[in-house]
Amino acid sequence: MAKIIIDNQELECREGMPVLRAALEAGWDIPHYCYHPGLSVAASCRLCLMEMKMPHPKTREMDWAPKLFPACQTPVRDGLEVRFNSDVVKTAQESCMEFFLLNHPLDCPVCDQAGECCLQDYSYKFGRAESRMVDPKVVNPKKDIGPHTLLYTDRCVTCTRCVRFTREIAGTGELCLVQRGSKNEIDVFPGRPLDNPMQGNVVDICPVGCLLDKDFLFKRRVWELTGTSSICPGCATGCSIRVDHADNRVYRLKPRYNPKVNDWWMCDEGRFGFKYTQDNARIIKPMLRRGREETSPSWREIPDIVRFRFQDHVRASSADKVVAVLSPFMATEEAWLLIRFIREVAPEAALAMGPVPVEGEPQAFPCAPPGAPSMPDVKFTILEEKCPNRRGIEQLLEVSGGTVLTFEAFSEQAAKGDFTAAWIVGGYPKPWVEKDTAKLGSKFGLLVVQDLFENKLTEAAAIVLPACAWVERDGSFVNAKGLAQPFERAISPPDGAMRDGQYLFEIAGFEGLYSGQRVRELMAEATASLTEVYEAPPIPAHAH
Amino acid sequence: MSWKAIDRNQAVVDADAPPLLSEGVREKILSYTHRYETKRAALLPALHLVQNTLGHVSWQAMVEIAALLDIQPSDVFDTLTFYTHFWTHPKGEKVITVCRSLSCEVLGGAAVLDALKARLGIEEHGTSSDGQYSLVTEECLAGCDHAPCMLINEKLHKNVKLDDLERILADGDNDRVDMPRSDLFDAPPVAESKQPASATEDDSRTTDD
Amino acid sequence: MKNVGVDGSTTLKVYESRGGYVAARKALAMDTNAVVEEVKKANLRGRGGAGFPAGVKWGFLPKDRTTTLLCVNADESEPPTFCNRVLMEHDPHQLIEGTIIAAYATRSQVAYIYMRGEFHEQFHVLQKAIDEAYEAGYLGKKVLGTDYALECYIHRGAGAYVCGEETGLIESLEGKRGQPRIKPPFPAIEGLFRRPTVVNNVETLSCLPHIMERGADWFTGIGPPHSAGPKLFCVSGPVNKPGCYEAAMDITVRELIERDDMGGGMLSGRKVKAVFPGGLSMGVLTVDELDMKMDFEDPRNYSLLGLGTAAAVVVDDATDIRLVLRNVARFYGTESCGQCTQCREGTSWMQRIAQRIESGAGRMEDLDLLLETARNMGMMPGLSICGLSDGATYPIETIVKKFRPELEAAIRSQPAGQVEAVLQAAN
Ligand SMILES: Cc1cc2nc3c(=O)[nH]c(=O)nc-3n(C[C@H](O)[C@H](O)[C@H](O)COP(=O)(O)O)c2cc1C
Ligand code: SF4
Ligand code: SF4
Ligand code: FES
Ligand code: FES
């Protein structure tokens, strides 16, 4: 740790990190465009300039050097003294903002970035009131640079964050800077659009409304959105994300800084992977089936009905003929509640986990550039395991003891009729019931299925419980590296549905409201090892 | 608000087109790479060579150069457009570059430019209808002791006077310097037919000014 | 410049016959550090514009380096400078010899000569000379029969002023856009291909054979102590004998223009109005300031940035100062590389203002706006990555300050309503 002085205030920070980052994280709101902690330092926007004390060339006494230094390019070292609050720095910031605004269109009312735009914010905080330019502005056309992204060229501040991202993080290098000087523009090679699995991040890091997400375009003003911390369920990487929602509807997902998992990034598959939550085909009501008769009981009745049916069944056949199939999409807490219930009514019940969806190979970024002799250091990985909590469920199964089966073993035994009662949890965003699994529907005397969408199993089930999407639930997921991370509830379930955690809580015999935290406390009494979760440290909003 | 946007999703290079760069040019480009520690460093020499043989660096040429040097086409596009001398669209057979910096302007450079515009019937960046000449201006050509100056392709014309223009334009060799050339490094490869300048620009917002 | 004007001066035969490559032979027989010391002693200040002592620069190279690269800056793009052109055109072997000495002193294995793309004739001359030098064993695996190996390549630019800036040059050599790099690291530590790199100007290197041959004392004996050695001065514009002249750095601007063995006075009927004595970027002098000494120190006393390239362009009294302002502003407006906000936006804004003023639609407040914009771009070191931005500041500021009465008179004489009409039409 090094001690430095910023604006007369002492600060302890890591040696070698840029002064800008140290200051931002400590709460200083210092205007900056080109610096992004995840990218190489360009030091070209010249907005983060500061004064620094240096030994006087003659007297060797420490004094303010007659020079400005970019804070993003100056590493922290012990004893450094800098300031941002001097007139010189303020004038530099003000004139720099004036330069930025010279050619910037005044179209904030129709700009998607309005509300989270660093140009708007900075010019208000650091700029001067009106433009002194009377000459015509440079006007450039928009560009459609890829399937997901639009580029509003004349809003660009040429910070090159986006270009550096595609070169350094994605490794795909689609974006480039063309022309020279004031004609500089961001572009792609025609016919080689910005189209890589990580591309959405360029929209996040663009400090102005130049790069825009077609999916979000004009859908909602950003100040109407509420952000909720969550974890992406798209793959076992488990990126920290923020769910932006309004009026109980999710509008977009944004990555949230997490130094242990995803840094500042997320992949497109995760980013755009929330659409299924808005699918009208979702199961939203619990359902009871007796022969051909279908009824829809109220949620109040459900715990008793379920409990009674299982107890009844155990009494009629035997406790070791009961099985619960957990899903790798369940939160650890939810799975624990279900296990607790099953083992309570049928202590010898078998446990299994449903299929783990795997697609393709893991993809590491940056991708190797053409002709590269060696792989660059991996900065991000999209895993082939397309579910968030295989590890969490496995850990639970391990500590639960008793009969634990693989999904294959379960299928085999079930097909032979070894089980008479089963509770099967789905919750997969994509169809998951394969032919062999579908056939199992008829093999149980009592089948409870908890799922998002109808399928052969729900058709055969005696009790169908709607599963909720993760944005409607809370709990924790354990990622591929074994890191348990909590996610919060962003929106309420669709009308008629109830959060899985809540009804499992009640079915398991608890009273009151479910919350991941509460269940973790309950779990702690039984199995302390599973209840530690890691939350990424928050960073101030201005430190983007 | 207008919704017109340049569509960059459309390919401009036909993936099945036969290669544009001849074997000779390719070999030459690869031979440059030995001078440097990275292959990419041979990009400027490669661009010079390609522009000399094809008259310009087309999209397809960029893709082929990128493949030779193990870089992305976007890298070539990026670098190429930074430099005034490279263009992505065909120009006239001869490119006249009139100096517009101070010494030349003070001594009548602007008048030379105006006279050329009138004589060729084109504006700056234009190409004459017969495809003979293109006209551009540039900053100081470092020939200020002979101001006003202009370059026609590789030949520097010094102390250009208005009355001289006709004679200069009429001279068939006005664009070549006649002197011994090195064959050790820069022997020009077999010339390929230049593509003629066309009036139809597929995308005017690229580089050529 | 001893061989300029000699018949066949570009050939190895003539160069050798006039004592060529003797200095290189002498240097290669010495210890590399001894060569560096000699150059330090000569106080050879860089001729490329910044005036940094070459020997000191070489001293920054890390002691334990394994690879060193030498870049010869032959980009010569500062208007109106052409002394490097003259040197390469007429005395290519002197440059090659200087390159060999510098490369040996810095223990460089490769020398890249970065030559601006507009030089065609000069390219052929120099390349031919390099071929000759290879053949004669001055370059290649065994330089002058010693174990020292040196490869030398010409790398041609393609029309970008900023590639003359040493790190812009390095980027351009690496096949990228010629955007100057942020420093540190300085090229001496991490330059071309991330190797320790030295960048020197053509003229700087062309001094080396003479220093090695005649000794540092001979060199420091010429001119004032802080500005030692002979220097090439360019003069252009409406003078009788525009050209490149060699002299000690104790001459004045007036001498350069008027001496018979130099500029030879103004063309008949023309009078000096303004002079840019060191290339555009250093700023302008009025007719009353012609006694400025062309050395590394005196220009500061005339609110100029420095000696620059020591290339004077004379503007005569028939030329409208608004034309000069616009010409200068346009140069920076089109040549800024565009990374730094201040430079990118500032130069293009100044260009637009200057164009409007020239077109007869200037406003009085534009003059202050120009001054303030210039100050916001370059008056405080650190505002931008490279010196281009400062280089744009000085000429604009000195023009507006020193010729303000003329500019104001011109604006005052504009027809009423002109400004509004032009602005309306434009916006
Ligand atoms: C914008 C800009 C343009 C420059 N152009 C040139 C140039 O064309 N030729 C040159 O030799 N130095 C040029 N320089 C100076 C170089 O950066 C560098 O100082 C020089 O090459 C060092 O060589 P020297 O020490 O031998 O002078 C330029 C500097 C700047 C800031
Ligand atoms: S598009 Fe956005 S991120 Fe990219 S350079 Fe422009 S302002 Fe920066
Ligand atoms: S000062 Fe100007 S030319 Fe130099 S790096 Fe910055 S933008 Fe480029
Ligand atoms: S220069 Fe520091 S953030 Fe851009
Ligand atoms: S000003 Fe025209 S050649 Fe230098």
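By convention in this document, chain letters (A, B, ...) are assigned in the order of the sequence lines, proteins followed by strands, and residues within each chain are numbered from 1. Small disclaimer: the values here were computed from a predicted structure and weren't measured.
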Apply side chain to side chain contact (heavy atoms under 4.5 Å, CB included) to Q339(C) and T160(A), showing your working.
CA-CA 9 Å; Q339(C) 313 182 66; T160(A) 70; over 6 Å; no
Give, as side chain, backbone, both or neither, the part of K183(C) having an atom under 4.5 angstrom from any heavy atom of chain A.
backbone
N/O donor-acceptor pair under 3.5 Å between R344(C) side chain and K183(A) backbone
no
Is the closest side-chain heavy-atom distance between R132(A) and E365(C) below 4.5 Å?
no
Does any heavy atom of chain C fall under 4.5 Å from the side chain of D135(A), the backbone, both, or neither of them?
both
Audit row: M133(A), L369(C), side chain to side chain contact (heavy atoms under 4.5 Å, CB included) steps and yes/no
CA-CA 9 Å; M133(A) 190 173 77; L369(C) 201 51; over 6 Å; no
Relative to chain A, which segment of T373(C) carries a heavy atom at a distance below 4.5 Å: side chain, backbone, both, or neither?
both
F100(A) and E345(C): side chain to side chain contact (heavy atoms under 4.5 Å, CB included), yes or no, with the steps?
CA-CA 7 Å; F100(A) 272 123; E345(C) 302 297 334; 5.7 Å; no
Measure R356(C) against the heavy atoms of chain A and call it side chain, backbone, both or neither at under 4.5 Å.
side chain
Test side chain to side chain contact (heavy atoms under 4.5 Å, CB included) applied to I385(C) and S44(A), step by step
CA-CA 7 Å; I385(C) 293 176; S44(A) 62; 4.2 Å; yes
Contact origin within V157(A) toward chain C - heavy atom pairs under 4.5 Å
backbone
Tell me, side chain or backbone of Q351(C) under 4.5 Å from chain A's heavy atoms, or both, or neither?
neither
Could you tell me whether the side chain of T341(C) and the main chain of C45(A) form a donor-acceptor pair under 3.5 Å?
yes
Answer with side chain, backbone, both or neither: which region of E94(A) has an atom nearer than 4.5 Å to a non-hydrogen atom of chain C?
neither
Looking only at atom types and distance, does a side-chain atom of R180(A) sit under 3.5 Å from a main-chain N or O of G338(C), one as donor and one as acceptor?
no
Q342(C) side chain vs L47(A) backbone, donor-acceptor pair below 3.5 Å
no
